[in-house]
Amino acid sequence: MTDAATRDTEARAILANNDRGGYTVPTHGLYPYQWNWDSVFAAAGFAEHDMDRAWTEIETLFSGQWDNGMVPHILFHQVDPGYFPGPDIWRGTGPIPSSGISQPPIAATFVRWLLDKDAAFEPRARALLPKLMASHRWFMDWRNEDGAIVVTHPWETGRDNCPDWDAPFAAIEPEGVDAYYRRDTTHVVEEERPRRWDYDRYLHLVKLGGDCGWDEAHLRQVTPFRVADPTMTFTLLRASRDLRDLAARLGEPTAEIDGWIASMERGAETLWNDDAQTYDCLDIRSGKHTGVISNASFLCWFAGLGNDRMLAHYDRIAAAETFFVPSTDPAHPAYEPKRYWRGPVWAMMNMLIATGLGEAGHVDRAEALTENTRRLIAENGFAEYFDPRDGAPAGGRNFTWTAAVWLAWASPTTGGTPWARSS
Ligand code: DGY
């Protein structure tokens, strides 16, 4: 086990080494561009030692916002042949070459936390407010199914290959995809990455969007993949509460945001799967729940849903392996403890889950999750994700968001409890 002060120094060095000037890459090689929610976590890490740089990270992200309000999941600031699919495949239509989908909208939450940390940055929050409003409005206009937030590509949730997509993907025949050469498996062993079967369908959906210029009205009609998801619904609901707080603090109107919150509070209930007794995904095309208990299911407290329906599952799953929270329930037949979102533990998801638990009054559980994640990183370093059985590092190394959540939350010296700061 490496001591905390050494890990603090390493974490700051990772942020510095992944800094490309105004934005960070998630890790050198595997992900050489700016990713949306990775950057927001990065900002929380920078905030530990450089507030100005923290705000810049989020401002650079919003410099890629499209006219329709969408904030892309990847900004291709400088072309890098080490990543596929690049800007020529995505054909984004924004001010900076980009992908055509978004990612979990956690920015308003972290902007609020940055402002809590130092109110002197209020002018920068004020400048971001209309951009945050536009990005939430885009979700409510285009990705809203009865108040639950849908995705049109698995990459939009960040949970690229979780078992939730297995059934919706089985219904897709990935036609029209040109021959392609994956680059991710030149950086990471195949057993820790999605399968070819998944990639064929990822690329089919990218082509569908690119071919229509990412026309959301058209995609809503034609896409075979339209799935309401807890990651998106719970983070947008939570971020809308924080956006409301920000707007009120800055003396700006809040009525529109109140409407979004009320709508998503109702919509979240459509993600409740009564048979499996869990929040999970709802496939809009088939009308079926996916039946997977994932780490996203446990964002229900982060969303402020005000119920403890997931608590028994949480306790069972937290006790199942040495490290938690695994991205898929170990009791699910599709659980694979080393393969990306089909089992591994993700430290940044743990930060959000612990925050929600703490805010909901489950402080012992929040502290146990913090302590478990602290040990995971102290023993195994700053990997992209970890095997829940023994903490073995997996995926990319020297990873920005793992370093950032160490500094902002899990480190015993520099970290803290976001739930204690929120009102
Ligand atoms: C990837 O390339 O694996 C990314 O997760 C896509 O966003």
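In listed order, ligands and their atoms are each counted from 1. This one's a predicted model, so the numbers in the text were calculated from it and none came from an experiment.
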Measure from NZ or CZ of Arg20 to the centre of the six-membered ring of Tyr31, then state whether that distance is under 6.0 Å and the direction lies within 45° of the axis.
-> no

Please say whether Trp35 places an N or O atom under 3.5 Å from an N or O atom belonging to ligand 1.
-> yes

Heteroatom proximity flag, Gln103 to ligand 1, N/O under 3.5 Å = no

Could you list the atoms of ligand 1 found under 4.0 angstrom from a heavy atom of Tyr31?
-> 1 (C), 2 (O), 3 (O), 4 (C)

Pi-cation contact, Phe225 with Arg201 (under 6.0 Å, within 45°) = no

Enumerate the atoms of ligand 1 whose separation from the nearest heavy atom of Tyr340 is less than 4.0 angstrom.
-> 3 (O), 5 (O)

Asp160 heavy atoms, cut-off 4.0 Å: which ligand 1 atoms fall inside?
-> 1 (C), 3 (O), 4 (C), 5 (O), 6 (C)

For Tyr83, is the NZ or CZ atom of Arg183 found under 6.0 angstrom from the centre of its six-membered ring and inside 45 degrees of the ring axis?
-> no

Parallel, tilted or perpendicular: ring planes of Trp346 versus Trp341, cut at 30 and 60 degrees | parallel

Ranked by distance from atom 3 (O) of ligand 1, the top protein heavy atom is Arg193 NH2, 2.8 Å

Side-chain (Glu336) to main-chain (Gly343) donor-acceptor, under 3.5 angstrom = no

Would you kindly check if the NZ (Lys) or CZ (Arg) of Arg7 is within the cone defined by 45 degrees around the ring axis of Trp406 and under 6.0 Å from the six-membered ring centre?
-> no

Look at atom 2 (O) of ligand 1 and say which protein heavy atom is nearest, naming residue and atom and giving the distance to 0.1 Å.
-> Tyr83 OH, 2.6 Å

Considering only non-hydrogen protein atoms, determine which one is nearest to atom 7 (O) of ligand 1 and report residue, atom name and distance to 0.1 Å.
-> His73 NE2, 2.7 Å

